[in-house]
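Below is one structure, written out as structure tokens; the observations come after it.
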Amino acid sequence: MATNGQNQNYHIGYKEDTLKSFELRNVTTCLGYLVPTLEALPPNFTLLDVGCGPGSITFDLARRFPQAKIIGVDIGEEVIERNKANIPQYAPNTGIEFRAGNILKPESCLLPEEIGAFDVVHEHTTLICIPNNIEVLRMMKTLAKQDGGIVACREGDTHSQILWPPCPESAELQERIYEMNGLDTQTGRKLLSKALEVGFRRDQITASASVMSNITAEERLPYARSMIVMLADETSQYRRAAAKFGYSEEQVEVLRKNMEKMIAADDGWRLLICTEIICRLDGAQS
């Protein structure tokens, strides 16, 4: 979810269908690389979830680690209020909080004593939604404890995305929208490079990779339906971009039918390579 002061609007919006598609994400599907590290921490660890969006991962973390203090931050005030209202239902009796603010201006959402004091600073596919995202990674490094803190990232490499049945028209529009917004669809493959650029040493970084997938009908439906809703809404980023790029109504209809095919196809799936890093700060200057 967007956190950059230069781009206040999340590039695919915060409509309910979009949020529902992100609610498929949880600790089991997205944080397998990080769970053993979290389990090894004292139970009252502190974690900042950057660009938490609808909070499905944040809520799941709180349920799994109820003694931890877990703060989800997002620039979208509406989605943060939605998350706050859902705490009694999704994570009662836990240490979860949600705050609206711009992570590049940490004073907008964090107390002075919290800056540089988190055991873990985490993001999941947030950097890819932000122009000049290396500054967010640099800030994450600043917000973690400088001796013993952890920065953890899982990033999608949208350029690697596979849709079946084939949807080349949809892939082309998505690539153009990312480019129009100054976003990098190859953020995933550059994640390790970015970590080194912000000052982590290679021996501080554990790197891995996995695949984000929408394979079952229950997984494909929210993803494809959110795209259909955006294509039907003439005020959405997708429709405005299609108009800017000169797409005809017939071409928009092709995009819609692509998603309908994905929903209906027994052999349909969406696959996306994700890269992962766990960076451990050790107090040494870098």
**Message:** Against Ile75, only a single residue in Ile103, Ile130, Asn102 fulfils side-chain contact (heavy atoms from CB on, under 4.5 Å); can you say which?
**Reply:** Asn102

**Asked** Quick one: CZ on Arg270 to CD on Glu219, what's the gap to the nearest 0.5 Å?
**Response** 11.0 Å

**Request:** Could you tell me which non-hydrogen atom of Asn258 sits nearest to which non-hydrogen atom of Pro166, and how far apart they are?
**Result:** OD1-O, 4.5 Å

**Request:** Supply the members, apart from Leu34, of the Ile/Leu/Val/Met/Phe/Trp/Tyr cluster built from side-chain contacts under 4.5 Å; use none for a lone residue.
**Result:** Val27, Leu31, Tyr33, Val35, Leu38, Leu41, Phe45, Leu47, Ile57, Leu61, Phe65, Ile70, Val120, Ile150, Ile278

**Any residue meeting side chain to side chain contact (heavy atoms under 4.5 Å, CB included) with Glu135, in chain and number order, not counting sequence neighbours** = Leu104, Asn132, Arg138

**Atom CG of Asp203: over 12 foreign heavy atoms under 6.0 Å** = yes

**Message:** Assess the residue pair Leu272 and Ser213 against the criterion (side chain to side chain contact (heavy atoms under 4.5 Å, CB included)); give the C-alpha distance rounded to whole Å, side-chain angles, the decisive distance to 0.1 Å, and a yes or no.
**Reply:** CA-CA 6 Å; Leu272 178 69; Ser213 62; over 6 Å; no

**Item:** Taking every non-hydrogen atom, the tightest pair across Lys145 and Ala117
**Value:** CE-O, 3.2 Å

**Asked** Is a donor on one side and an acceptor on the other found under 3.5 Å between the side chain of Thr94 and the backbone of Pro66?
**Response** no

**Interatomic spacing from SG in Cys153 to CG in Leu192 - rounded to 0.5 Å** = 11.0 Å

**Message:** If the test is side chain to side chain donor-acceptor pair (under 3.5 Å), which one of Glu155, Glu123, Lys194, Lys190 qualifies with Asn133?
**Reply:** Lys194

**Complete:** Taken in chain and number order and not counting sequence neighbours, the residues that satisfy side chain to side chain donor-acceptor pair (under 3.5 Å) with Arg189 are Asp157

**Request:** Any pair with a residue in residues 90-102 that passes salt bridge (charged side-chain N to carboxylate O under 4.0 Å, His left out), sequence neighbours left out, goes on the list, sorted by first then second residue, please.
**Result:** Glu97-Arg99, Arg99-Glu114

**Message:** Are the side chains of Tyr178 and Ile128 in contact, using a 4.5 Å heavy-atom criterion?
**Reply:** yes

**Complete:** CG of Leu196 to SG of Cys279, rounded to nearest 0.5 Å, is 8.5 Å

**Message:** Between Thr46 (side chain only) and Lys69 (backbone N and O only), is there a donor and an acceptor less than 3.5 Å apart?
**Reply:** no

**Fill in**
Closest non-hydrogen atoms of Gly156 and Cys274, given as atom of the first, atom of the second and distance, are CA-SG, 4.0 Å

**Request:** Please answer whether the main-chain N or O of Leu183 pairs with a side-chain N or O of Asn181 as donor and acceptor at a distance below 3.5 Å.
**Result:** no

**Complete:** Distance col, row Leu110:CG vs Ile71:CD1, nearest 0.5 angstrom, shows 6.5 Å

**Item:** Min side-chain heavy-atom separation Trp164-Asp267 under 4.5 Å
**Value:** yes

**Asked** Side chains of Ile263 and Ile228: closer than 4.5 Å at any heavy-atom pair?
**Response** yes

**Request:** To the nearest 0.5 angstrom, please state how far the CE atom of Met227 sits from the OG atom of Ser236.
**Result:** 9.5 Å

**Request:** Give the C-alpha distance, both sets of side-chain angles, the deciding distance and a yes or no for side chain to side chain contact (heavy atoms under 4.5 Å, CB included) between Phe200 and Ile277.
**Result:** CA-CA 11 Å; Phe200 288 110; Ile277 54 171; over 6 Å; no

**Request:** Please list all pairs passing the salt bridge (charged side-chain N to carboxylate O under 4.0 Å, His left out) test where one or both residues lie in residues 169-181, with sequence neighbours left out.
**Result:** none

**Message:** Strictly by ring-ring contact (aromatic ring centres under 6.0 Å, His included), give each pair with a member in residues 94-114 just once, sequence neighbours left out.
**Reply:** Phe59-Phe98

**Complete:** Residue pairs passing the ring-ring contact (aromatic ring centres under 6.0 Å, His included) test with at least one member in residues 102-123, sequence neighbours excluded, are none

**Item:** ILVMFWY network linking Ile273 to Leu163, side-chain heavy atoms under 4.5 angstrom
**Value:** no

**Fill in**
In short, salt bridge (charged side-chain N to carboxylate O under 4.0 Å, His left out) pairs touching residues 46-65 with sequence neighbours left out are Asp60-Arg63, Asp60-Arg64

**Message:** Checking the side chain of Ser56 only, and the main-chain atoms of Arg25 only, is there a donor and an acceptor separated by less than 3.5 Å?
**Reply:** yes

**Prompt:** What is the distance from atom CD1 of Ile87 to atom CG of Asn93, rounded to the nearest 0.5 Å?
**Reply:** 11.5 Å

**Message:** Can a donor-acceptor pair be found, under 3.5 Å and without considering hydrogens, that links the side chain of Asn86 to the backbone of Gln89?
**Reply:** no

**Prompt:** Looking only at heavy atoms, what is the nearest atom pair of Leu281 and Ala144, with distance?
**Reply:** CD1-CB, 3.8 Å

**Request:** Specify the closest pair of heavy atoms between Ala265 and Arg220, including all atoms of both residues, with the distance to one decimal.
**Result:** O-NH2, 2.8 Å

**Request:** Please name the pair of heavy atoms, one in Gly101 and one in Cys109, separated by the smallest distance, quoted to 0.1 Å.
**Result:** CA-CB, 3.9 Å

**Message:** I want to check something: taking the side chain as every heavy atom from C-beta on, are Met180 and Arg240 in contact at a cut-off of under 4.5 Å?
**Reply:** no

**Lys261 atom NZ, over 12 foreign heavy atoms within 6.0 Å** = no

**Asked** What residues join Val254 in its hydrophobic cluster, counting side-chain heavy atom gaps under 4.5 Å, either direct or through other members?
**Response** none

**Asked** Quick one: are Met262 and Trp269 in side-chain contact, heavy atoms under 4.5 Å?
**Response** no

**Request:** Assess whether side chain to side chain contact (heavy atoms under 4.5 Å, CB included) is satisfied between Leu127 and Asp184, documenting all intermediate values.
**Result:** CA-CA 9 Å; Leu127 298 182; Asp184 185 357; over 6 Å; no

**Request:** Just jot down the side chain to side chain contact (heavy atoms under 4.5 Å, CB included) partners of Ser248, sequence neighbours excluded, or say none.
**Result:** Glu250, Gln251

**Prompt:** How about Leu48 and Val50: do any of their side-chain heavy atoms sit closer than 4.5 Å?
**Reply:** yes

**Fill in**
Those residues at least two apart in sequence (or on a different chain) that pass side chain to side chain contact (heavy atoms under 4.5 Å, CB included) with Glu234 are Arg239

**Prompt:** Is there a side-chain contact between Gln186 and Ser160 (heavy atoms, below 4.5 Å)?
**Reply:** no

**Any donor-acceptor N or O pair under 3.5 Å, side chains Thr206, Arg280** = no

**Prompt:** With the 4.5 Å side-chain cut-off for hydrophobic clustering, are Ile115 and Val198 part of the same group?
**Reply:** yes

**Item:** All side chain to side chain contact (heavy atoms under 4.5 Å, CB included) counterparts of Lys257, not counting sequence neighbours
**Value:** Glu253, Glu260

**Asked** Would Val79 and Cys52 satisfy side chain to side chain contact (heavy atoms under 4.5 Å, CB included), going step by step from the backbone distance to the final call?
**Response** CA-CA 9 Å; Val79 77; Cys52 65; over 6 Å; no

**Message:** Is the shortest side-chain heavy-atom distance between Thr275 and Arg154 below 4.5 Å?
**Reply:** no

**Main-chain N/O of Gly53 paired with Asp74 side-chain donor or acceptor, under 3.5 Å** = yes

